[in-house]
Number of protein chains: 2
Amino acid sequence: MGTQASPRGRNPRGQGDRLRAEIIDATLGLLDELGDDQALSMRAVARAVGTAATSVYLHFADRDALVLATLRHCHDDLMRAADEAAAGSDDPAEQLRARVLVLGTWSRRHPGLYRVMHESAVNRRPETAFRSEVADSTTAAVRRCMDAGVAPAGDAQLVALDLRAAVHGAVALRLSQPQLDWPPLTAQIDRFLTRLVGLPAR
Amino acid sequence: MGTQASPRGRNPRGQGDRLRAEIIDATLGLLDELGDDQALSMRAVARAVGTAATSVYLHFADRDALVLATLRHCHDDLMRAADEAAAGSDDPAEQLRARVLVLGTWSRRHPGLYRVMHESAVNRRPETAFRSEVADSTTAAVRRCMDAGVAPAGDAQLVALDLRAAVHGAVALRLSQPQLDWPPLTAQIDRFLTRLVGLPAR
DNA sequence: ATCCTAACTGAACACTTGTAACTGTACGGC
DNA sequence: GCCGTACAGTTACAAGTGTTCAGTTAGGAT
């Protein structure tokens, strides 16, 4: 329980940011366990890092700032994963599929973090505008499919919204009731790609 | 702020359960405001009812029991609304549509409660098995569409799951970022009914 | 008028929380 | 040798939490 890290030594002069990185890292872990940003306590973060509770305030103004910074970190990681997955193919359809599947695999690897990113009250604050990047990249991928003719022409933004909603719903249902046994997510996502976007069946 | 109800008088002899109903009612209101069952405090409930904090324990063993009872109440209300809506038509397609639309309108009327019902950690407990009733009723409605020939035959359970996921996703996205302006939910649900279930376009 | 008991209350325990104010400590330059 | 400063820890406070326990009231039966 008392996941007290080894008594950390002080950082050398120029590297005061090292503690900052450790704090964000610990916060990522805690948020993933908790699945709720409101349940995160500064003291728990400090305990996990092995530092004094007040030392967190040297790098983050308050709890909200810490959560926000951590979620931004999280978001960048998710975006990078999506971009990397899409880079594996030249086919726009495969790129869209890869991009969407990343959401599924990422949510399985970091269930709590996925929940915090999508359900937390922080999303209602303007500082989390970065979240729209994921939406925009999906819309762009859908549009490329239409332009390439692998998907019927249409309102890319609306189609992308339908796809995002469906995929998020599929993921969210699985996260909220993990004790049930769900049919494979990948097949469900493929159905969404076929029926909502109009990609050819695999 | 101090939503202190009028100093309530004691209930007559046989009607001790009246306080129980008032407590559940207050809890419904608080959970809808908070959108998170972990943020609910027994003292806040007591304040809202206008009673002593300890009196809550006369009717509920602990906080979890109170939340569970409240969610069960909530669920019954949702099911009744869906059944009533479906009773308005004889066409299985219209019945399915009405049933699904109820989820949308209910979520708009009780955003916080919808979130608690779908996102709360209580869902991972076996006592919330009643949640599957909503899923089952949707599956049955889909199957009736297939049997009546208004939807192409197929795996009703799988189709219903796709539909539920999509609708829940559409609702959840809107709830988690209400500051964005979303296209109409009804039209989106109709697209889902057409493309995922195969109902004729309206 | 008495008593029983259902219905309810107040005070208290043993915490946890965010955060401000203060107090060190060791390293690099002088 | 000295000292400023970047980096950190200690102490403390006021507020809040779930829950328990020992009462206290009042309505109905005797």
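Since we're looking at a predicted model, the values are computed, not measured.
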Query raised in the report: For C:dA7, does either OP1 or OP2 sit under 4.0 Å from a side-chain N or O belonging to B:His59?
Result: no
Query raised in the report: Does A:Thr51 place a side-chain N or O at less than 4.0 Å from the phosphate oxygens OP1/OP2 of D:dA8?
Result: no
Between [X] and [Y], does any side-chain N to carboxylate O distance fall below 4.0 Å?
X: B:Arg97; Y: B:Asp91; result: no
X: A:Arg99; Y: A:Glu84; result: no
X: A:Asp64; Y: A:Arg125; result: yes
X: A:Asp162; Y: B:Arg195; result: no

Query - Chi angles and distances behind the side-chain contact (heavy atoms from CB on, under 4.5 Å) call for A:Gln188, A:Arg174 - result: CA-CA 12 Å; A:Gln188 187 169 30; A:Arg174 283 167 173 81; 2.8 Å; yes
Query - Contact check, side chains of A:Ser120 and A:Asp36, non-hydrogen atoms, under 4.5 Å - result: no
Would you list the protein and nucleotides 12-14 of chain D atom pairs, both N or O, that sit under 3.5 Å from each other?
unit_1 : atom_1 : unit_2  : atom_2 : d
D:dA12 : N6     : A:Arg43 : NH2    : 3.4

Query raised in the report: When you measure from every atom of DNA chain C, which of residues 29-38 of chain A have a heavy atom less than 4.0 Å away?
Result: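 The answer is none.
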Report task. For B:Leu66, report the nucleic acid contact type (base, sugar-phosphate, nothing); a contact means any heavy atom under 4.0 Å. Result ->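 Counting heavy atoms under 4.0 Å across all strands, no contact is made by B:Leu66.
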Query raised in the report: B:Ser55 near the nucleic acid: base, sugar-phosphate alone, or nothing, with a heavy-atom cut-off under 4.0 Å?
Result: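 Base contact.
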Please report the distance, rounded to the nearest Å, between [atom1] in [X] and [atom2] in [N].
X: B:Leu40; N: D:dT19; atom1: CG; atom2: P; result: 11 Å
X: B:Ile23; N: C:dC8; atom1: CD1; atom2: C1'; result: 11 Å
X: B:Leu58; N: D:dA22; atom1: CG; atom2: P; result: 16 Å

Report, one line per pair, each donor and acceptor closer than 3.5 Å where one atom sits in a side chain of residues 73-82 of chain A; sequence neighbours left out.
unit_1  : atom_1 : unit_2   : atom_2 : d
A:His75 : NE2    : A:Phe130 : O      : 2.9
A:Asp77 : OD2    : A:Trp106 : NE1    : 3.2

